[in-house]
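The sequence lines fix the lettering, A, B, ..., with proteins before strands; numbering per chain opens at 1. Keep in mind that what you see is a predicted model, and the values were worked out from it rather than measured.
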Amino acid sequence: MPEFTGPVQHVELSTTLWLIALLPLLGSVTNAIFGRRLQKSHFGHDLAHKLHIGSLGVTLVAVGAMLAAFALSLWHVAKLLALPEAHRFLFCHAWEMVRIGSVDFGFDFALDPLSSVMILIITGVGTLIHVYAAAYMHHDGAYWRFFAYLNLFVFSMLLLVLGDGFMVMFFGWEGVGLCSYLLIGFWYDDYAKASAGMKAFVTNRVGDWGFVTGLMLLFWALGGAWLEGGSYQPDNLPRLAAVAVESGEAEHGGHEAGGEHGAVTAKAHDADGDDAVGHHAKAAHPQGNGTFDFTVLPGAKVYVDGALAGISPLTGKSLHAGRHTLRVVPGGGTDDLEIPSFSVEAGGETMVSLIGPALSFRSLHDQLVVRDAAGHHTVREGLQSKKAWGGVGVITLACLCLFLGATGKSAQIPLFVWLPDAMAGPTPVSALIHAATMVTAGVYMIARLSWLFALSPVASGVVALVGALTALFAATIGLYQYDIKKVLAYSTVSQLGFMFIGVGVGAYWAGVFHLMTHAFFKACLFLGSGSVIHGMHAVVHGEAAAQDMRKMGGLKRVMPITSRTYFVACLAITAAPFPLFAGFWSKDEILWRAFTTENIALVPGALIYAIGLAAAACTSFYMWRSYYLTFEGEHALPKIATEVHESPAAITWVLVVLAALSTVAGVLFGFSTHLLGGHGEPMLEEWLSPVLQHAVVSFREGGLGLEYALMALSVGLAIASWALAKKRYGAGRPADWAAREEGLPLFDAIQHKYWVDEAYGAAIIGPILKLRLVLADLDKWAIDGIVNGAGVVGRAAAWTSGAIDHHLVDGAVNFVADRTFAAGERLRTVQTGRIQSYLYGLVGGVLFFACLGYFLGR
Amino acid sequence: MSSPADVLTLWGHWPAVAAAAVGALVPRGEAKQTRIALAVFAALAAGLVGHLWPGVATGAAPTEWPGLLDLLVVLPIAGAVAVLFLPRQSPKVLRRFTLGVLLVDLVFSLQLLRVPMTRGWHFVSVHEWVPSLGIRWHVAVDGMSLWLVLLTTLITPIAAYASFGSIKTRVKELCFALLLLHGAMIGGFVALDLLVFYVFWELMLVPMYVMIGVWGGPDKIKAAIKFFLYTMTGSVLMLAAMIYMVVQYTKLTGAPSFDLLALQRVLLPREAQALCFWAFAIAFLVKVPMFPLHTWLPDAHVQAPTGGSVILAAIMLKLGTYGYLRFAMGLFPGASGLNTANLAGVAVLGGILYGALVAWKQSDIKRVIAYSSVAHLGFVMLGLFAVTPSSISGSILQMVNHGISTGALFLLVGVLYDRRHTREIAEYGGIAKVMPIYTALWVIVTLASIGVPGTNGFVGEFMVIMGTMVSPRLRAFAGIDATLAAFGVVLGAVYMLGLTQRVFFGPLSNPKNRHLNDVTPRETIALAPLVLLVFAIGLFPALFVDRMKDSVQGFYDHYQYVWGEGRVERANAELLPPSSDPALERGAPPGPGVAAAAGEP
C-alpha cells in the first residue's frame with residue numbers, strides 16, 4: 001500500500017463544543033413543556049410590563065439560552081484563535097448514530113474558522129433578534145410557543161453549521177426547514193399563513209431531495225466500484241490510509257507554483273504559523289519520536305502494534321520513528337480495518353485518513369488532497385474521471401444536485417418562490433430566518449464544500465449564473481412592491497444571488513463576507529420594518545394594511561430612531577456613496593472577483609459582472625424608494641402624526657446595535673491594504689484561508705486601476721439610482737406617485753412577479769394534481785375494481801353453483817327422495833293390517849314364484 | 001448495576017431519574033395517573049437507552065433461557081383460553097386480566113435484550129411435534145426478528161388499552177381476540193419451522209377478521225371478508241410451494257423436514273425455484289401490501305376499529321415484509337435475486353410514488369394513512385429488494401418505525417373518531433385551537449412519518465436510500481430507484497402536511513368542533529410510549545441497528561453464497577452443505593452433513 005502525504009486537516013479535540021448547540025435546545029424544550037405555565041404565572045409581571053416585553057420567565061429562558069450560547073461561542077472562537085492557523089479545527093464527538101458498512105455517521109461537531117463566523121452570526125444576531133422579539137411579540141397569547149420555536153430554530157441552525165459531516169448538517173438543514181414551517185405558520189388560524197408555511201416546507205423538501213441525491217452520488221462515486229476495479233462490493237468499508245502530514249506551504253508550492261498571484265484562496269501560510277506547528281510537535285515529543293493521530297471513525301478502538309492505543313478520536317499519540325502496524329475495531333458488526341505497515345518519521349506527524357465512501361466533510365476533504373508516493377492525487381483523479389448518468393462527470397452532477405438543495409434553502413431560481421410568501425410569519429422570524437441565517441445555509445454549504453465545487457468549473461459556472469440571474473430577477477420584482485416586507489423579501493433573494501455569485505466564481509470568502517454583512521444590514525432593515533409595522537397597527541387594521549407603504553409616509557417624524565437606523569442600513573445595502581458601509585465592501589469584492597474569475601468554464605465573468613451591476617443599481621433604487629415612501633414626505637394617513645409612536649427600548653436598541661454593525665463590519669473585515677497598493681489581505685480572507693485554501697481557483701490579474709474603475713462604476717450607478725429614487729419618491733413626491741408608476745414599463749409583469757407562481761402551477765403542480773386524481777380513480781376503479789370484480793364474479797359463480805346445486809344436484813337427490821316418498825305413499829295403502837289380505841298376498845306370491853319356477857324349468 | 005450500593009444511590013440511573021422528574025412535572029391535565037404514567041414512561045425510555053448504550057453492559061453475557069420464546073407465544077394464547085372462563089358480566093375483570101397478560105408478556109420480552117445479539121440464533125427452543133412428517137416446534141430469534149417481537153409486545157397492550165376506552169360491547173370476545181392475535185403474531189415472528197409459521201400465519205387472520213367484522217364501521221362485513229380472502233388466497237399458494245419444497249428435501253435426504261434451516265439448503269432448478277419463489281412472494285406481498293395487491297388495506301383500515309387498525313398497520317403488515325425477508329429471500333436467493341430489479345421498480349413507482357399520490361387525493365383521514373402505509377412499505381420493500389446490508393438494516397428499522405409512527409397515527413385518528421364519529425377531512429379544520437396538546441402530538445408523529453431528521457422515520461429511510469444507491473443487484477436502476485425513492489419523501493411531506501393543514505389549521509369553521517375535548521389521560525398514556533420511541537430511535541438509532549447488524553450480515557453472507565451457487569444451471573434439486581458457522585445452524589434438524597450436536601440447542 002502506498003504511503004500518502006498531504007495537507008490533511010489537523011484536529012484539536014474539544015469536549016464542550018456540543019454545548020453551544022445544546023443550550024438553545026434546552027431553552028426550547030423548557031419553554032415547550034413549561035412555557036405555558038410560565039406565561040400564565042405572575043412571575044416578574046411588573047418588570048416585564050415596564051420593559052414592554054412578554055412573560056419574563058419565558059423571556060429569561062429563551063434569551064438566557066441565547067446569551068449563554070453566544071458566550072460559549074465566543075469562548076470557543078477565542079480558543080480557536082489561540083491555535084496555530086493549521087490547527088484551527090475543534091472536533092467533538094457526541095455519540096454514534098449509525099455505523100453499518102460504509103454508512104457511518106454520528107453526532108460529530110466541528111468548529112473551524114468558517115463555522116466560527118457562522119456561529120457568531122447565528123448566536124449574536126440571534127440574541128439581538130430574541131431581545132427584539134420579546135418586545136415585538138409581547139401581547140401574543142402563544143408567546144411561549146414562539147420562543148420555543150425560535151430557540152429550536154437556533155439549535156437547528158447551529159447543528160447545520162457545526163456538523164462535521166453531511167448528516168449532522170442535514171439534521172440542521174431539515175430542522176431549520178421545519179422551524180421555518182412552524183414559524184411561518186405561527187398564526188395557524190389564518191389558513192393562508194399556514195399554507196405559506198407548508199409551501200416553504202415542501203419547496204425546501206424539493207431542495208433537500210437535491211441535497212440527498214447529490215450526497216448519494218458522491219457516496220456512490222467514492223464507493224467500491226473503482227476501488228475494486230469493475231465488480232464491486234456494496235457497502236464496502238472505506239480503506240484506511242496513513243498520511244504523513246505536511247503543512248499547507250508544501251501543498252501550495254507543489255501545485256500552484258505556476259500562477260504567482262494565481263491562487264488567491266489557496267494561499268500560503270505565513271511563516272509564523274508554520275513555525276508554530278513545528279515547535280508544537282517538537283516541544284511535545286522527544287527526538288526520535290513522531291506524532292500519531294487517529295480521528296476518523298469516532299468510537300473505534302485503535303490498536304497500534306497490537307496494543308490498544310486508545311479510542312478514536314485520538315490525537316498527539318507519540319510513537320517512535322519507524323514502521324508500525326495498525327488495527328482498528330470500528331465496533332458493532334462492521335469489520336475490522338487494518339494498515340499492515342505504516343511509518344512514522346521523527347518529529348513528523350502521521351494521521352490516518354479514510355479513503356472511500358464517507359459522510360464526514362473532513363474525510364472527504366482529506367482524501368481529495370492526499371497524494372500517493374508517486375505524487376498523484378489518486379483519489380481526486382479517480383473521482384474526476386468518474387462519469388455518471390449520461391456521461392456527465394460525477395462531481396459536476398453531484399455539485400449540481402447539491403446546488404439544487406442550496407437553491408431551495410437559499411431561495412434561488414428555481415426554488416425561490418417560497419420566500420416572499422414566508423413573510424406571513426412574524427417579523428422577527430423574517431429577520432432571523434429569512435434574512436440573516438437560514439437562507440444563507442446554501443451559501444455556507446458551498447463554501448464548506450469549496451474544494452469540491454472548485455473541481456467542477458461547470459457546476460461553479462451554473463452557481464454563479466443562477467446567482468446573477470436571481471440577483472437581477474428578484475431586484476426587478478422589488479422595484480414596484482408596495483408591501484414593505486415584500487420589498488425586503490425580494491431584496492433578500494437578490495442579495496443571496498450576490499452571495500452565490502461570490503461562491504460560484506471561486507471567491508468563497510467574499511460570498512461568506514457578504515453573508516455576514518447582509519446578516520447585519522438585512523436584519524436591521526427587517527427589524528426596522530417590523531418597528532414600523534408595530535407602530536402602524538395603531539392606525540390601520542390588518543396585516544396587509546400595516547405593511548402597505550402607500551399608507552405610510554413621514555414616519556421619520558414619529559419614529560426617529562427607527563428611521564435613522566433604516567437609513568444607515570439602506571446605505572449599507574446600496575453600497576453608496578460612502579464606501580465605509582458594510583455592503584460596499586462585500587458586494588464590490590464579489591463583483592470584482594466575478595469580473596476576473598477563471599473558474600466558471602464557459603460562462604464569461606464579464607457577463608456575471610454586468611448582470612450583478614444591473615442588479616446592484618436596481619437594489620439602490622428599490623431600497624431608497626422604500627425608505628422615502630416610508631419615512632419621508634407627507635403622512636399618508638393624518639392620524640399617524642398623533643397615534644404612531646416610536647417602539648420600546650428593547651426594539652430600538654437592537655436596531656441601533658445592528659446599524660452600528662452594518663456600518664463598521666465591512667471596513668473592519670474587508671479592508672485590505674492592497675487597495676492602497678500594499679500586499680495585505682482582508683482580515684476575513686486571512687481568517688478563512690485554512691478552510692478555503694484547498695479549493696483550487698484562480699483569477700485573472702486585473703490591476704489596481706481597473707479595480708478602482710469598476711468600483712467607481714458601481715458606486716456611480718448606485719448614486720444615480722438613488723438620485724432617481726429620490727426624485728420620484730423623495731420628500732416632495734407627487735401625490736399621484738402610485739398612479740404614475742403604473743404606466744412604467746414592465747409594471748404589469750412585475751406586479752405579478754413575472755407570473756412565476758402561475759407558471760409553476762400550470763407546468764408542474766397542475767399536472768401532478770391531475771395525476772393524483774387519475775391515479776386515485778385508477779386505484780379505485782381499476783385495481784380495486786379487479787379485486788372487487790373477482791369478488792363479484794366469485795359471488796356470481798357461487799350463486800350459479802348454488803343454483804345448480806340446488807336445482808340439479810340436490811334436485812336429483814330430492815327427486816329420488818320424492819319419488820321414494822311417493823312410492824311409499826302409494827304402497828302404504830297396501831299395508832292394511834288385515835291378516836287375510838297378507839295371507840292372500842303370501843299365497844299368491846308363492847303361487848306366482850312356483851309357476852315361474854315351473855315354467856322356467858328350474 | 002453490579003453492586004447493590006449502585007442501585008441504592010440511584011446515581012447510576014440518573015438519566016432515568018431526571019427523565020422521570022421531567023415527565024412528572026409536565027403540566028398536562030389534572031389527573032394524577034397521567035403524571036405518574038408519564039414519569040414512568042420517561043424513566044423507562046431513558047433507562048432503555050441507557051441500558052442499550054454500548055459499553056455499559058459488562059461481564060459475562062447472561063445465559064439464554066430457552067423457554068422464553070415458548071412462554072411469549074403460549075402465555076397470550078393460554079390467556080385467551082382463560083378469558084373464555086371469566087364472567088362476561090364483569091368487563092373490568094376481563095380488561096384487567098387481558099392487559100395484565102399482555103404486560104407480563106412485554107416484561108418477559110424485554111429479557112430478549114439482555115443477550116448481545118451476535119450472529120446466529122438465540123433463545124432456540126425445539127420440540128418434536130409430528131416426527132413422521134418432520135414437523136417440529138422450532139422457535140428462535142435473531143437480530144432481524146428481535147425488534148419486531150418487541151414491537152409486537154409493545155403495540156398490542158397499547159392497542160388493547162386504547163380499545164378498552166372506546167369499545168364497550170362484547171368485551172369478552174374482544175379480549176379473546178386480542179390475546180389470540182398477540183400470541184399468533186409473536187409466533188409468526190419467531191417460528192422457524194415452516195408449518196408452525198404457516199399455522200400462526202393463518203391463525204392470526206381469524207381474530208383480526210373478527211375484530212373488523214364485529215367492531216368495525218358500517219361496511220365491516222365486506223371489508224372483513226375481503227381482507228380474509230385476499231390474504232388467504234396468497235397463503236394457499238405458499239402452502240403448496242412449502243409442500244413441494246419438503247417433498248424435494250425428502251427426496252434428497254430421505255427424511256422430511258419443514259424446518260427453514262433444512263429447507264434453505266435445497267437448491268432447486270431454476271424454473272421450479274421461480275415458481276416456488278413467486279408462490280411465497282405473492283403470499284407475503286399481499287400482506288405487505290405491495291402494489292397492485294394493496295387494495296384490501298384501505299378498506300380494512302377504514303372499517304376496522306382503532307385498536308384493530310393499530311395492530312393491523314403496526315404489526316400484521318410487518319409479517320409480510322418480515323416473511324418476505326426471512327422466507328422468500330432466505331429460501332430462494334437465486335429466484336428473488338433475478339426478479340429483484342423489477343420488483344424494486346414496482347416498489348418505487350407503485351409503492352412510494354403511486355401510494356403517495358393516491359394518499360394525497362383521499363378525503364377520509366384513515367384512508368390517507370392507509371395509503372401512506374403503502375408508500376412507507378414501498379420503502380421497506382425497496383430496501384429488501386436492494387439486498388445490501390445497510391438497506392436491509394434500514395428496512396428492518398423502517399418496519400419498526402412504521403409500526404410506531406403509523407400505530408400512533410391510527411391511535412390519534414381514533415381520538416378524533418371517538419369524539420366526532422367521522423373521519424371525513426372536510427368535517428374538520430382549525431381544531432388546533434380547541435385541541436392544542438392533541439395537535440402537538442399529531443404534528444410530532446406526522447414529522448416522524450415524513451422522516452424529518454431527529455425522528456425515527458429519517459434514519460431508516462436514509463439507510464434504505466443509501467443502500468439502494470450502491471446496490472449491485474439493481475444494476476443500472478440503482479441510481480434511478482434511489483433518486484425516485486428520495487423524491488417520494490417530498491410527496492410524503494405534501495400529503496401528510498396537507499392533511500395536517502386541512503384538519504388542524506385555519507379558522508375553526510365547523511361549529512360541531514367548537515367543544516372538542518383535548519386528549520384524555522387514557523389517550524395520553526397510550527400515546528406517550530410511542531412518542532418517546534419516536535425520539536429514542538431518531539436520536540440513537542445505533543442502539544437499535546447494532547443489535548440487528550450481525551444477523552443482517554449473516555443473512556447477507558448466506559444470500560450471497562447461495563446466489564453464487566445458483567448461477568450454475570442444474571436439472572435436479574441439490575442439497576447445499578450446511579453453513580460453516582455453527583451459530584447459524586443452531587437448532588437445525590439433524591440431516592446429512594449436520595453434526596448431531598447441532599440438533600440440540
Side-chain angles (χ1 to χ4, degrees), chain A residues 33-34 36-37 95-103 106 167 170-171 173-175 178 181 185 188-191 194-195 198 201-202 205-206 208-209 212-213 216-217 219-220 223-224 231-235 299 331-334 357 388-389 768 771-773 775-776 779 783-784 786-788 791, chain B residues 22 25-27 54 225-226 229-230 291-292 294-296 299 354 357-358 360-362 388-390 393 430 432-433 447 452-454 458-459 462-463 465-467 469-472 479 482-483 486-487 489-490 493-494 497-498 501 504-508 539-542 545-546 549-550 552-553:
Chain A
I33 297 181
F34 304 110
R36 200 185 160 109
R37 278 280 156 91
W95 68 78
E96 191 61 36
M97 290 195 64
V98 172
R99 175 171 291 152
I100 180 152
S102 50
V103 179
M167 288 331 292
F170 193 65
F171 264 62
W173 190 268
E174 284 253 297
L178 166 67
Y181 164 75
Y188 56 76
D189 42 4
D190 183 340
Y191 198 80
S195 300
M198 189 173 148
F201 192 84
V202 171
R205 269 258 158 143
V206 176
D208 297 349
W209 171 59
V212 171
T213 308
M216 270 176 355
L217 277 167
F219 192 80
W220 168 76
S231 73
Y232 70 61
Q233 166 88 4
D235 281 352
T334 308
W389 304 314
I768 291 181
L771 179 66
R772 70 179 181 141
L773 296 184
L775 289 184
D779 199 69
I783 297 172
D784 202 22
I786 292 171
V787 177
N788 288 340
Chain B
V22 172
L25 283 174
V26 170
I225 291 177
K226 194 170 175 181
L229 287 184
Y230 215 138
F291 176 89
H294 63 275
T295 50
W296 63 268
D299 286 353
Y354 175 91
L357 285 169
V358 176
W360 191 1
K361 158 72 178 53
Q362 303 303 318
T388 57
S390 64
S393 306
K433 207 89 211 165
L447 294 177
V452 169
F458 169 71
V459 190
F462 183 76
M463 285 167 70
I465 290 173
M466 289 308 249
M469 184 76 195
V470 296
S471 167
T483 312
F487 194 76
V489 178
V490 178
V494 173
L497 292 182
Q501 167 98 345
F504 294 93
F505 300 149
L508 189 61
L539 294 175
F540 311 104
V545 175
D546 278 355
K549 58 191 178 184
D550 287 351
V552 169
Q553 193 67 44

Asker: Can you name the closest pair of heavy atoms from Leu178(A) and Phe201(A) and give their distance?
Answerer: CA-CE1, 3.7 Å
Asker: Does any heavy atom of chain A fall under 4.5 Å from the side chain of Ser393(B), the backbone, both, or neither of them?
Answerer: side chain
Asker: Under 4.5 Å from any heavy atom of chain A, what part of Ile465(B) do you find: side chain, backbone, both or neither?
Answerer: both
Asker: Ignoring hydrogens and geometry, is there a side-chain-to-backbone donor-acceptor pair from Trp209(A) to Thr483(B) under 3.5 Å?
Answerer: yes
Asker: Can you say whether the rings of Phe540(B) and Trp95(A) are parallel (under 30°), tilted (30 to 60°) or perpendicular (over 60°)?
Answerer: tilted
Asker: Could you check, using the six-membered ring where one of them is a Trp, whether Phe170(A) and Phe458(B) have ring centers closer than 6.0 angstrom?
Answerer: yes
Asker: Side chain, backbone, both or neither: which part of Met216(A) has a non-hydrogen atom closer than 4.5 Å to chain B?
Answerer: both
Asker: Of the backbone (N, CA, C, O) and the side chain (C-beta and beyond), which part of Asn788(A) lies under 4.5 Å from a heavy atom of chain B, both, or neither?
Answerer: side chain
Asker: Under 4.5 Å heavy-atom distance to chain B, tell me which part of Val787(A) shows up: side chain, backbone, both or neither.
Answerer: side chain
Asker: Flag the one option from Leu539(B), Val545(B), Val459(B) with the top tally of heavy-atom pairs under 4.5 Å to chain A.
Answerer: Leu539(B)
Asker: What option among Ile225(B), Asp299(B), Val358(B) has the most heavy-atom pairs under 4.5 Å with chain A?
Answerer: Val358(B)
Asker: Using atom types as modelled and distance alone, determine if a side-chain donor or acceptor of Lys549(B) lies under 3.5 Å from a backbone N or O of Arg99(A).
Answerer: yes
Asker: Looking at Ile786(A), Val98(A), Leu771(A), which makes the most heavy-atom pairs under 4.5 Å with chain B?
Answerer: Val98(A)
Asker: Calculate, to the nearest 0.5 Å, the distance between atoms OH and CZ belonging to Tyr181(A) and Arg205(A) respectively.
Answerer: 11.5 Å
